[in-house]
Amino acid sequence: MKRALLPILLVALAVLGSGCGAINALQEPADLFVTVNRMKAINESLDQAERFLTKTPIGTESAWVSQLAVPVEDAGQYIEAWKNGPASKPGFKMMPTDLYALAWKDIQASPVAVPLPPVEEPKPATEEAPAETPAEAPAGSPGDDAVATENTTEAAPAEAPAPETAQTVAKAASVMEALGGDVAEAFLAWNTKVNEYAELKGQVKKAEADMDEEGVTPEKKAELEKIIQETEVKMEALDKEIEPLKEALYTKLDTAKLTIDKGLAEQLLIVFTSLDNMYTESASLGTVLMVHYGMGLRDYSNQLSKAAGDIARAVIKEKLGKVVNFTAPPQIEIQVNPGAEPTVTIKNMPGVNLAEVGGADQLGKDIAAKLWVFIKDVLVFTSDWGKAMNKIDNQRAVVKRATKLLKEQYGLETPMLPEIEFPSIATPAANGQAAPAEKKQGGALKLF
């Protein structure tokens with residue numbers, strides 16, 4: 001099945017602009033436990049991206065901007081956190097989106113927010129200055145005309161700067177605010193509706209997945225079809241609201257005359273480049289995850305048993321503070337209770353002293369609680385996937401326009417971000433330590 005889909009996936013990834021995470025995921029078996037955890041990491045990354053765009057102060061000296069690309073010296077701690085967390089599993093690679101989800105939530109900005117200062121009208125000259133040819137300013141820097149050339153005693157601008165460029169701004173209340181108050185306002189109005197639409201799209205995806213389940217009664221199917229129809233009507237109405245808001249936002253981005261300091265423009269470009277890398281990785285990996293999800297559902301009983309074993313290993317590690325390798329496959333009996341936490345009975349767990357982890361009954365209860373979370377994650381996967389893909393498409397379109405604006409008005413080039421390689425990260429070494437990260441210059445984040 002997967003081999004038959006491989007050519008289609010490769011074409012889809014080529015169109016989306018695949019990251020190396022998706023290529024690695026293609027080579028792995030379908031595993032629902034891994035799949036739902038990777039989807040959660042994508043959504044966590046998107047939530048952080050929205051925080052950076054709308055709620056995080058930024059200035060020319062903001063240290064948090066350089067942390068978006070996850071510096072090589074900081075990556076090790078997040079690799080270790082992932083390896084010790086519930087999303088890791090022997091034989092599976094860490095994804096770039098896993099790293100973004102872990103690292104970005106730790107990023108906190110310093111309080112540099114200030115309202116954009118009012119533009120001062122240029123004062124009329126009392127006497128005419130001698131004509132001088134002004135020094136040639138660096139190409140693409142709109143703020144340069146407002147700065148006097150050093151070591152100049154008599155030279156004066158041939159013309160006073162236009163009111164809208166008479167003063168530059170070195171900090172702002174958020175990334176979008178730095179592009180102008182009207183741009184930030186337009187983005188907020190548009191993004192609010194886009195998120196509402198994404199929520200509805202997620203509901204449709206969930207209902208469609210429920211209809212495809214085995215054993216769905218005609219009555220239930222009719223109920224789901226009604227939900228889909230009613231939700232799609234709401235989506236159509238919302239889409240009519242979104243379109244003019246999008247056009248208004250795009251127009252403001254395409255015609256904006258920025259008054260920010262060039263140093264701030266460079267900071268913004270790093271932000272947008274980092275976010276675009278994340279969107280690319282998330283979109284391409286999301287395509288693979290949906291295929292793995294469908295394959296996993298066809299083998300749900302076995303996937304549930306495998307997930308119970310993965311959770312058992314994680315629970316035991318939490319209790320003992322060390323990895324315990326089973327000497328043989330554990331025997332775990334699972335009774336699924338519709339709409340409620342499953343019942344888990346430990347029959348045998350070779351290589352584990354059950355008394356050290358509270359006994360078989362307590363271990364079964366601990367596994368059941370986490371297995372129930374997994375089951376609910378599986379149930380909402382298609383909803384989460386639909387919302388994420390919608391957010392990626394819309395936010396990436398805005399980021400690309402903002403990137404183009406900065407490059408054109410300030411003559412900037414795409415910044416080179418750190419490239420990190422993680423050799424054999426999914427397979428712990430004999431001593432339980434993660435393999436060290438290797439440095440590599442240039443490009444975007446990569447996990448091999």
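A quick note: this is a predicted structure, and the numbers were derived from the prediction, not measured.
Classification of the F52-W104 ring pair by plane angle, with boundaries at 30° and 60°, yields perpendicular.
Under a cut-off of 6.0 angstrom, the local environment of CD in E50 is crowded, with over 12 non-hydrogen atoms contributed by other residues, nucleotides or ligands. A 6.0 Å sphere centred on NZ of K205 holds no more than 12 heavy atoms belonging to other residues, nucleotides or ligands. Residue-environment remark: CG (N348) exceeds the threshold of 12 foreign heavy atoms within 6.0 Å. Atom NZ of K317 has more than 12 heavy atoms from other residues, nucleotides or ligands within 6.0 Å. Heavy-atom contacts from other residues, nucleotides or ligands closer than 6.0 Å to CD of E61 number 12 or fewer.
A salt bridge is defined here as a Lys NZ or Arg NE, NH1 or NH2 lying under 4.0 Å from an Asp or Glu carboxylate O, and E413 with K407 fails to meet this definition. Here D366 pairs with K319 in a salt bridge; the nearest charged N to carboxylate O distance falls below 4.0 Å. Checked for salt-bridge contact, E223 and K226 miss the test: no charged N lies under 4.0 Å from a carboxylate O. One finds no salt bridge joining E247 and K252 here, because no Lys/Arg side-chain nitrogen approaches an Asp/Glu carboxylate oxygen to under 4.0 Å. Look at K221 and E225 and you find no salt bridge, because none of the NZ, NE, NH1 or NH2 atoms lies under 4.0 Å from a carboxylate O. Here K206 pairs with D210 in a salt bridge; the nearest charged N to carboxylate O distance falls below 4.0 Å.
Proximity of L371 to V344: side-chain heavy atoms (C-beta onward) are separated by under 4.5 Å at one or more points. Annotation: side chain of E208 is not in contact with side chain of T382 (no heavy-atom distance under 4.5 Å). Counting only heavy atoms from C-beta outward, the side chains of L268 and T403 never approach each other to under 4.5 Å. Considering only heavy atoms from C-beta on, K262 stays 4.5 Å or farther from T60 through its side chain. Under the 4.5 Å side-chain criterion, counting only non-hydrogen atoms from C-beta, P342 is not in contact with Q335. N195 places none of its side-chain heavy atoms less than 4.5 Å from the side chain of N394. Proximity of S174 to T56: side-chain heavy atoms (C-beta onward) are nowhere separated by under 4.5 Å. Residues R401 and Y250 are in side-chain contact: their nearest non-hydrogen atoms beyond the backbone lie under 4.5 Å apart.
The CE atom of M278 sits 12.5 Å away from atom CG of L99, with the distance rounded to the nearest 0.5 Å. For the atom pair CG of L354 and CD1 of I316, the computed distance is 7.5 Å after rounding to the nearest 0.5 Å. Distance check: R298 CZ to M295 CE gives 7.5 Å after rounding to the nearest 0.5 Å.
With L304 as the partner, the side-chain contact (heavy atoms from CB on, under 4.5 Å) test is satisfied by one option alone out of I332, L32, D299, I375: I375. If you run side-chain contact (heavy atoms from CB on, under 4.5 Å) between I367 and each of D310, I311, I334, only I311 comes through.
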Side chains of residues 36-49: which donor-acceptor pairs under 3.5 Å do they make with residues two or more places apart or in other chains?
residue	atom	partner	partner atom	Å
N37	ND2	F33	O	2.8
R38	NH1	E28	OE1	2.8
R38	NH2	E28	OE1	2.9
R38	NH2	E28	OE2	3.4
R38	NH2	K93	O	2.9
K40	NZ	D377	OD2	3.1
N43	ND2	M39	O	3.3
S45	OG	A41	O	2.9
S45	OG	T97	O	3.3
S45	OG	A101	N	3.4
Q48	OE1	R51	NE	2.7
Q48	OE1	R51	NH2	2.7

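With hydrogens and angles ignored, the 3.5 Å screen pairs no side-chain donor or acceptor of T273 with any backbone N or O of I270. Remark: side-chain polar atoms of S62 are paired, donor with acceptor, to backbone N or O of G59 under 3.5 angstrom.
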